Amino acid sequence: MVPVQYYLVLSAAMFCIGLFGILTRRNALVFLMSVEIMLTAANINFVAFSFQHGNLTGQVFSLFTIALAAAEVAVGIGIILVLYRNFRGVDVTQAATMRW
């Protein structure tokens, strides 16, 4: 059996990697992947605590988070395609110039 602390350390490392990707990158695709890494870190926490407490509540929350991540990717890819079509690049700093 693997102790819960190992899962928490893995989750914290993944969350920090995702946060670093969001704060330092300007590419919209890397930004989107970093958000997905952060959501995966939250899912690891949900499942680890669910296993520790012996119930399925954390796993149910994890399924909802996965559904939320899928919806976020669908909307994010649409925004990225519009950004690329209008500016010929996926730099998120150019999105401030998008107007009606």
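Keep in mind that this is a model prediction, so the values were computed, not measured. Numbers for residues simply follow the sequence, beginning at 1.
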[X] and [Y]: same hydrophobic cluster, using ILVMFWY side-chain contacts below 4.5 Å?
X	Y	answer
Leu56	Val47	no
Ile22	Phe15	yes
Val60	Ile66	no
Leu32	Tyr84	yes
Phe20	Leu23	no

Write down the atom of [X], the atom of [Y], and the distance for their closest heavy-atom approach.
X	Y	result
Ser11	Ala41	OG-O, 2.7 Å
Ile37	Met14	CG2-O, 3.2 Å
Gly18	Ser34	O-CB, 3.3 Å

For Phe64 and Leu68: C-alpha separation, side-chain torsions, deciding distance, then whether side-chain contact (heavy atoms from CB on, under 4.5 Å) applies.
CA-CA 6 Å; Phe64 284 126; Leu68 175 75; over 6 Å; no

Show, in sequence, the C-alpha distance, side-chain angles and deciding distance for Phe49 and Thr57, and conclude whether the side-chain contact (heavy atoms from CB on, under 4.5 Å) test is met.
CA-CA 9 Å; Phe49 285 126; Thr57 307; over 6 Å; no

Whether over 12 other heavy atoms sit under 6.0 Å from Phe46 CZ:
yes

d(Ile77 CD1, Leu29 CG) to nearest 0.5 Å is 6.0 Å

Starting at OG1 of Thr65, measure out to CG of Leu39 and round the result to the nearest 0.5 Å.
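Separation between the atoms: 7.0 Å.
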
Short question: side chain of Thr40, backbone of Glu36 - any donor-acceptor pair under 3.5 Å?
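Pair found, side chain donor or acceptor close to backbone of Glu36.
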
